[in-house]
Amino acid sequence: MESIGVLMMCPMSSYLENELQKRFNLVRFWNFPETHRNSIRAVVGNASTGADAELIDDLPKLEIISSFSVGIDKIDLGKCKEKGIRVTNTPDVLTEDVADLAIGLILALLRRLCECDSYVRSGKWKYGGFQLTTKFSGKSVGILGLGRIGTAIAKRADAFSCPVSYHSRRAKPDLGYKYYPTVLELAENSDIFVVACPLTDQTRGIVNRQVMDALGAKGVDEQELVKALTEGRLGGAALDVFEQEPHVPEELFQLENVVLLPHVGSSTVETENAMADLVVSNLEAHFAGKSLLTPVV
Amino acid sequence: MSESSESPLVLVHRTPTLTYMDDHLSRNFRLLKTYASPDPLPVFLSRHAASVTAFVNIGRLKIDAELLSHLPSLQLLVCTSVGTDHVDLAECKRLGIAVTNAGDAFSDDVADCAVGLLISVLRLISVGDRYVRSGKWAKPGEFQLGTKVSGKRVGIIGMGTIGSRIAKRLEPFGCIISYNARTQKQSIPYRYYSDVLSLAADNDVLVLCCSLTDQTRHVVNREVMESLGKEGVIINVGRGELIDEKEMVKCLVEGVIGGAGLDVFEKEPQVPEELFGLDNVVLSPHAAVATPGALESVAQVAIANLKAFFSNQPLVSPVRLG
């Protein structure tokens with residue numbers, strides 16, 4: 001398999017790079033010699049860098065795109081279907097990490113943990129206690145998107161005695177949580193609003209001004225979000241993802257009521273390795289003529 | 001709001017900022033306020049508190065034998081913290097003084113804080129936030145990987161109201177819970193370890209939420225930290241003195257343990273400055289109880305204890321005096 005050209009779109013995991021290098025002819029997009037175009041049979045992308053129509057058209061021998069992520073909004077799926085190109089992602093292995101982080105973000109935001117940390121490190125504690133913060137236990141949590149990740153978040157919030165409700169494409173009565181048929185109603189009835197759905201044409205900008213106003217001072221059109229936060233119309237936000245990563249609206253940097261993370265939802269040693277193994281396994285299965293493990297297309 | 005001669009007299013001590021109980025107390029009792037007098041405390045007590053039977057200590061004023069000697073009629077001491085290590089419990093027992101604490105009032109908030117600290121340490125939330133705000137993410141370079149929280153083995157030292165709530169919150173994370181406590185609790189399903197050293201050996205995380213007593217002082221010492229190991233994380237929402245702080249700082253700096261989330265310290269508000277530069281610690285200014293809900297709850301518990309005392313009913317949250 002060493003002659004199979006696999007194009008990695010950006011640095012994403014040195015473990016993954018090594019594993020791909022061992023098995024395939026790994027070409028790195030950021031050092032991409034034009035001459036290799038015809039040898040590329042697979043692309044490995046991630047949450048921020050996928051494969052658009054232009055790239056797909058540029059790689060005549062492309063058979064499979066294996067994404068090092070569960071989100072595949074950066075891949076032109078229509079084009080892939082048209083050309084018979086397979087697409088895989090990394091569901092399940094990262095579910096717990098993302099759910100863990102969601103709860104961590106809520107706690108960090110409500111209990112101002114990052115600020116508390118800075119407060120102590122700056123020496124300010126010697127001069128007085130930190131302000132009161134907001135209790136998490138018992139607050140109502142509204143989850144937008146009750147898939148694997150949304151469900152895992154719900155289970156965790158449950159243990160903090162948080163009443164959980166959700167909006168999803170379809171109601172899931174077996175899970176026992178309260179369903180709202182619209183995003184707006186969900187926002188009106190939640191203290192804490194968690195966005196855990198995939199990005200699709202239907203969900204783009206779904207957390208708009210109306211939704212944010214319904215949440216009140218106590219997800220996402222980012223410009224609206226920044227305005228709502230700086231104008232005090234929204235109580236706070238904890239964000240692991242942004243519209244144009246790694247660019248983050250700088251107005252957010254000075255705010256006390258935000259927590260900002262560099263898209264680390266699944267960034268643990270354990271999970272990155274599991275995701276990398278899944279990417280490699282999908283590629284190996286494809287080139288050996290076997291069934292894909294986690295196909296999207 | 002009327003002061004009736006029927007209202008019992010209650011001695012109250014508090015610091016200037018801890019005003020959250022003022023209304024609750026004045027609505028229900030006649031108050032003798034230590035803080036309304038310029039007299040030094042022992043003088044004030046000798047002059048005015050000889051007949052006082054109940055004392056509300058808002059904050060953690062040290063209650064020792066000397067202070068108690070000025071309160072010859074005292075029968076009830078109401079504390080607003082969960083911990084009573086600032087009280088000479090043995091002396092209270094000797095003098096027949098009942099002591100109450102905050103009971104369950106803070107437990108949810110402390111448990112939330114413990115879990116928050118744990119996730120923040122392992123998943124580098126505080127570090128990540130600083131990284132993004134500094135503008136570093138926009139430049140090329142990778143943010144370091146964190147460590148998975150789900151599935152970790154968590155050893156809880158102290159399985160009272162707070163420990164059990166921490167365990168409950170960590171269960172859906174798939175964490176494997178075990179504990180050490182004064183005695184094994186038959187009603188709970190977690191594995192019991194009779195000593196902290198073995199607990200540390202078998203766990204990835206140690207959470208401290210037990211009372212500070214002579215037996216538990218420095219219960220986490222160098223040996224325990226070495227047993228916990230270089231990937232191990234300590235979360236402390238109990239009291240600073242539960243850990244040998246000097247040794248802990250060395251263990252963190254030298255990589256003997258993997259990280260720590262700390263809400264309490266030996267000599268608050270002083271915090272060892274060697275910790276300030278570390279990315280594998282998250283520090284908090286004894287804020288685990290600091291939500292408006294928690295303060296309201298503890299005020300209610302205190303009032304309930306006082307009312308019970310004055311009407312000869314069982315106390316709501318008595319502390320065992322040993």
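Note on naming: letters A, B, ... go to the chains in the order of the sequence lines (proteins, then strands), and numbering restarts at 1 for each one.
Within 6.0 Å of the CD atom in A/Gln254, the count of heavy atoms belonging to other residues, nucleotides or ligands does not exceed 12. Atom CD of B/Glu273 is surrounded by 12 or fewer heavy atoms from other residues, nucleotides or ligands within 6.0 Å.
Residues B/Pro285 and A/Phe130 approach most closely at CG-CB, 3.7 Å, considering heavy atoms. Annotation for A/Pro262 and B/Gly128: closest pair CD-O, 3.8 Å, computed over non-hydrogen atoms. Closest non-hydrogen pair, A/Val93 versus B/Lys148, comes out as O-NZ, 4.3 Å.
In this structure, chain B has a heavy atom under 4.5 Å from the side chain of A/Tyr119, while its backbone stays farther away. Only the backbone of A/Leu255 comes within less than 4.5 Å of a heavy atom of chain B; no side-chain atom from C-beta onward does. Neither the backbone nor the side chain of A/Leu110 comes within less than 4.5 Å of any heavy atom in chain B. Using a 4.5 Å cut-off between heavy atoms, B/Val271 touches chain A through its side chain atoms alone. For B/Ile166, no part lies near chain A; criterion is any non-hydrogen pair under 4.5 Å. Interface remark: B/Ile119 contributes side-chain atoms only to the contact with chain A (heavy atom separation under 4.5 Å). For A/Ser266, the part lying near chain B is the backbone, with the side chain staying farther off; criterion is any non-hydrogen pair under 4.5 Å. Proximity to chain A (any heavy atom under 4.5 Å) is shown, for B/Val115, by both the backbone and the side chain. Contacts between B/Leu295 and chain A at a heavy-atom distance below 4.5 Å involve the side chain alone, from C-beta outward.
When each of B/Asp108, B/Asp109, B/Leu117 is scored by its heavy-atom pairs under 4.5 Å with chain A, the top score falls to B/Asp109. Heavy-atom pairs under 4.5 Å with chain B were tallied for A/Glu115, A/Lys155, A/Glu250, A/Lys135; the largest tally goes to A/Lys135. For the options B/Ala288, B/Gly261, B/Gly135, heavy-atom pairs under 4.5 Å to chain A are most numerous at B/Ala288.
Considering only heavy atoms from C-beta on, B/Tyr131 stays 4.5 Å or farther from A/Leu261 through its side chain. At a threshold of 4.5 Å between non-hydrogen side-chain atoms, the residues A/Glu96 and B/Phe173 do not count as touching. Taking 4.5 Å as the limit, some side-chain heavy atom of B/Arg133 sits within range of a side-chain heavy atom of A/Val258. Contact of the A/Thr134 side chain with the B/Thr291 side chain is not registered, since no non-hydrogen atoms from C-beta on lie closer than 4.5 Å. Side chains of A/Glu245 and B/Trp137 form a contact here, defined as non-hydrogen atoms less than 4.5 Å apart. With a 4.5 Å cut-off on side-chain heavy atoms, A/Thr268 and B/Thr147 do not count as touching. In this structure, B/Ile125 and A/Cys114 have side chains that are in contact, with non-hydrogen atoms separated by less than 4.5 Å. In this structure, the side chains of B/Val281 and A/Arg121 come closer than 4.5 Å at one or more pairs of heavy atoms.
With respect to B/Lys152 and A/Glu270, a salt bridge is recorded, a charged nitrogen being found less than 4.0 Å from a carboxylate O.
Note: A/Leu113 CG to B/Leu283 CG = 11.0 Å, rounded to the nearest 0.5 Å. Distance check: A/Ser267 OG to B/Leu124 CG gives 9.5 Å after rounding to the nearest 0.5 Å. For the atom pair CG (A/Leu107) and SG (B/Cys113), the distance works out to 8.5 Å, reported to the nearest 0.5 Å. Taking CZ from B/Arg165 and OG from A/Ser161, the interatomic distance works out to 8.0 Å, rounded to the nearest 0.5 Å. The distance from the OG atom of B/Ser150 to the CG atom of A/Leu101 is 11.0 Å, given to the nearest 0.5 Å. Here the CG atom belonging to A/Asp158 is positioned 11.5 Å from the CZ atom belonging to B/Arg169, to the nearest 0.5 angstrom.
B/Arg130 places no side-chain N or O within 3.5 Å of a backbone atom of A/Ser118 that could act as its donor or acceptor partner. A donor-acceptor contact shorter than 3.5 Å is absent between the side chain of B/Asp129 and the backbone of A/Val259. In this structure, the side chain of A/Asp117 does not engage the main chain of B/Ser126 through any donor-acceptor pair within 3.5 Å. B/Arg123 contributes a side-chain N or O that, together with a main-chain N or O of A/Gly265, makes up a donor-acceptor pair within less than 3.5 Å. Without hydrogens or angle criteria, B/Asp112 side chain to A/Ser137 main chain gives a donor-acceptor distance under 3.5 Å.
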For the pair A/Trp125 and B/Glu268, evaluate side-chain contact (heavy atoms from CB on, under 4.5 Å) and give the outcome as yes or no after the intermediate values.
CA-CA 9 Å; A/Trp125 191 17; B/Glu268 296 166 18; 3.4 Å; yes
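Between the side chains of A/Arg111 and B/Ser120, no donor-acceptor pair of N or O atoms lies under 3.5 Å.
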